[in-house]
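Counting starts at 1 for both ligands and their atoms, following the listed order. In this chain, residues are counted from 1 in sequence order. The structure presented is a predicted model; accordingly, all values stated were derived computationally and were not measured.
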Amino acid sequence: QGKRGAADIVVYAGERMAHPTQWLVVQAELRHALERDELVLYYQPKIRLADGAVCGVEALVRWQHPERGLLPPSEFLPAAEQSGLIEPLTTWVLRRALADQREWTAAGRDWTVSVNVSARNLESAEFGPLVVGLIEEFGVAPGRLTMEITETAAIVDVEIARQALRALSALGVGLSIDDFGTGYTSLARLRGVPLTELKIDRTFVDGVLADPENQAIVRSVVTLAHGLGCRVTAEGVETAEVAAWIAESGCDEAQGYLYSRPVPWADVPMMEEVR
Ligand code: C2E
Ligand code: CA
Ligand code: CA
Ligand code: CA
């Protein structure tokens with residue numbers, strides 16, 4: 001009977017969702033997942049192209065679902081973003097990543113940890129102070145944390161977002177635009193925010209060898225990024241040929257299956273031998 005009640009409410013949301021009931025179920029389950037600590041972070045190394053060394057890791061969330069197994073973010077992030085659960089989710093990710101980063105630093109690894117932040121997070125005035133508080137709580141050097149701003153949604157309140165980003169930048173936190181070239185985050189809207197990295201979306205990287213248009217895009221992002229004083233990272237590098245082209249074009253860092261898939265925390269120390 002309870003299920004029937006929920007299904008009635010869904011009618012409104014159903015106008016936009018393909019499977020509204022399923023969506024509501026995901027939302028309710030995700031709430032429990034956060035309480036029961038069912039989320040896990042995987043890490044994918046970032047490679048400095050100049051010398052092939054691992055220079056950082058990107059945290060990528062998964063959900064160890066009790067029945068459905070390990071779920072990728074595409075299965076639950078949209079529901080989290082639209083329901084407000086993205087706030088506790090991002091807080092969880094930050095706490096986990098900062099705790100892990102503290103251990104890597106203690107073990108002598110001078111990596112930067114990159115965390116994906118939703119545009120939704122940046123619209124909350126509490127977000128900046130929250131991150132500052134967590135950095136202090138975990139005692140991590142701010143320069144060892146980078147925020148990757150993902151472009152899944154247009155930032156509605158740009159002024160609040162700018163304030164949060166400027167405060168974090170002033171502390172020394174790195175700021176990266178993720179999936180550059182595909183989303184809503186235009187540089188004009190983030191003017192006055194000191195960015196440290198542009199990440200070229202893998203749709204441009206993947207077909208770069210065969211497609212002169214992609215080559216032109218990669219080259220111009222490199223020029224733009226360096227003009228802004230940012231590093232450029234190419235994501236989705238799967239072959240040595242693409243890696244060579246990317247390095248030649250002036251990209252600073254690369255990520256992709258060529259080097260390593262995202263791996264659980266326990267496998268991360270092994271990543272130094274990926275090359
Ligand atoms: P993203 O930030 O662009 O992350 C890169 C995605 O590409 C990851 O998928 C990664 O596993 C995948 N990938 C990496 N190298 C390769 C490659 O060589 N080839 C191919 N085909 N794929 C590659 P994943 O982990 O499924 O994450 C998908 C997206 O979900 C991420 O895209 C990011 O936008 C979002 N996401 C992941 N974790 C978080 C999080 O903690 N918070 C937020 N807000 N978003 C997250
Ligand atoms: Ca990312
Ligand atoms: Ca990306
Ligand atoms: Ca992406």
Asker: Is there a path of hydrophobic side-chain contacts, each under 4.5 Å between heavy atoms, that joins Val158 and Ile160?
Answerer: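 No, Val158 and Ile160 fall in different hydrophobic clusters.
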Asker: State, to the nearest 10 degrees, the angle whose vertex is the Ca ion (ligand 2) and whose arms point to OE2 of Glu58 and OE1 of Glu148.
Answerer: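 So the angle at the metal works out to 90°.
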Asker: Are Arg95 and Glu137 within salt-bridge range, i.e. N to O under 4.0 Å?
Answerer: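 Yes, this pair counts.
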Asker: For ligand 1, indicate whether the residue Leu77 contacts it via side chain, backbone, both or neither (heavy-atom separation under 4.0 Å).
Answerer: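 Near ligand 1, Leu77 shows its side chain, while the N, CA, C and O stay back.
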Asker: In terms of side-chain geometry, is the basic nitrogen of Lys199 or Glu253 positioned less than 4.0 Å from the acidic oxygen of its partner?
Answerer: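 Salt bridge flag = no for Glu253 with Lys199.
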Asker: Can Lys46 and Glu197 be counted as an ion pair, charged N to O under 4.0 angstrom?
Answerer: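 A salt bridge links Lys46 with Glu197.
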Asker: Between Gln215 and Val208 (side chain of the first, backbone of the second, donor and acceptor by atom type, cut-off under 3.5 Å), is there such a pair?
Answerer: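 Indeed, once roles are kept as given, a pair shorter than 3.5 Å links the two residues.
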Asker: Can you confirm whether Ile86 sits close enough to Asn121 that some side-chain heavy atom of one is under 4.5 Å from a side-chain heavy atom of the other?
Answerer: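 Sidechains of Asn121 and Ile86: in contact.
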Asker: Would you say Asp179 reaches the Ca ion (ligand 3) with an N/O/S atom under 3.0 Å?
Answerer: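 It does: Asp179 brings an N, O or S atom closer than 3.0 Å to the Ca ion (ligand 3).
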Asker: Using a strict cut-off of 4.0 Å, indicate which atoms of ligand 1 neighbour a heavy atom of Gln44.
Answerer: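 Those of ligand 1 that fall under 4.0 Å from Gln44 are 14 (C), 15 (N).
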Asker: If I consider every N, O or S atom in Asp178, which one ends up closest to the Ca ion (ligand 3)? I only need its name.
Answerer: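 Nearest N/O/S atom of Asp178: OD1.
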Asker: Taking both backbone and side chain into account, is any N, O or S atom of Asp201 nearer than 3.0 Å to the Ca ion (ligand 3)?
Answerer: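 Coordinating: no.
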Asker: Which option wins on minimum heavy-atom distance to atom 25 (O) of ligand 1: Glu238, Glu58, Arg62?
Answerer: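 Of the listed residues, Arg62 has the closest heavy atom.
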Asker: Run down the list Leu41, Val61, Val205 and name the one with the heavy atom closest to atom 40 (C) of ligand 1.
Answerer: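 Nearest heavy atom to atom 40 (C) of ligand 1 lies in Val61.
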Asker: When you measure from the side chain of Ser124 to the backbone of Arg120, do you find a donor-acceptor pair of N or O atoms at a distance under 3.5 Å?
Answerer: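 No; zero donor-acceptor contacts below 3.5 Å.
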Asker: Under 4.0 Å from ligand 1, counting heavy atoms only, is it the side chain of Asp179, its backbone, both or neither?
Answerer: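 Under 4.0 Å from ligand 1, Asp179 contributes side-chain atoms alone.
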Asker: Side chain of Thr90, backbone of Val117: donor and acceptor closer than 3.5 Å?
Answerer: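 The answer is no, because no donor-acceptor pair under 3.5 Å joins these two groups.
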Asker: Ligand 1 versus Leu258, non-hydrogen atoms closer than 4.0 Å: side chain, backbone, both, neither?
Answerer: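 It is neither part, as no heavy atom is under 4.0 Å.
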Asker: May I ask you to list the atoms of ligand 1 that are less than 4.0 angstrom from any heavy atom of Asp178?
Answerer: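 Under 4.0 Å from Asp178, ligand 1 has these atoms: 1 (P), 2 (O), 3 (O).
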Asker: Cut-off 3.5 Å, side chains only: do Glu75 and Trp63 have a donor facing an acceptor?
Answerer: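 Absent: no donor and acceptor within the cut-off.
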Asker: Any heavy atom of Glu81 closer to ligand 1 than 4.0 angstrom?
Answerer: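 For ligand 1, residue contact (heavy atoms, under 4.0 Å) with Glu81 is absent.
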Asker: Could you check whether any side-chain N or O of Asn116 sits under 3.5 Å from a backbone N or O of Ala59, counting only pairs where one atom can act as donor and the other as acceptor?
Answerer: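 Yes.
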Asker: Kindly confirm whether the Ca ion (ligand 2) is within less than 3.0 Å of some N/O/S atom in Ser114?
Answerer: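 Under 3.0 Å: Ser114 has no N, O or S contact with the Ca ion (ligand 2).
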Asker: In terms of atom number and element, which parts of ligand 1 are under 4.0 angstrom from non-hydrogen atoms of Gly256?
Answerer: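 Those qualifying, in numeric order: 15 (N), 18 (O).
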Asker: As a check for students: among Asp206, Leu39, Val93, identify the option with a heavy atom nearest to atom 41 (O) of ligand 1.
Answerer: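 Answer by nearest heavy atom: Val93.
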Asker: When you compare the side chains of Asp267 and Tyr43, does any donor N or O come within less than 3.5 Å of an acceptor on the partner?
Answerer: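 Looking only at side-chain atoms, Tyr43 and Asp267 do not form any donor-acceptor pair under 3.5 Å.
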Asker: Among the N/O/S atoms of Glu235, which is closest to the Ca ion (ligand 3)? Give the atom name.
Answerer: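 Output for this pair reads OE1.
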Asker: What do you reckon, does Gln255 put a non-hydrogen atom under 4.0 Å from ligand 1?
Answerer: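 Distance cut 4.0 Å: Gln255 fails for ligand 1.
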Asker: Between Gln101 (side chain) and Arg144 (backbone), is there a donor-acceptor pair under 3.5 Å?
Answerer: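 Present.
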Asker: Considering only heavy atoms of Pro262, which atoms of ligand 1 have at least one such atom less than 4.0 Å away?
Answerer: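 So the answer, numbered in order with elements, is 11 (O).
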Asker: Applying a strict 4.0 Å limit to heavy atoms, is Arg261 in contact with ligand 1?
Answerer: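 Heavy atoms of Arg261 never come under 4.0 Å of ligand 1.
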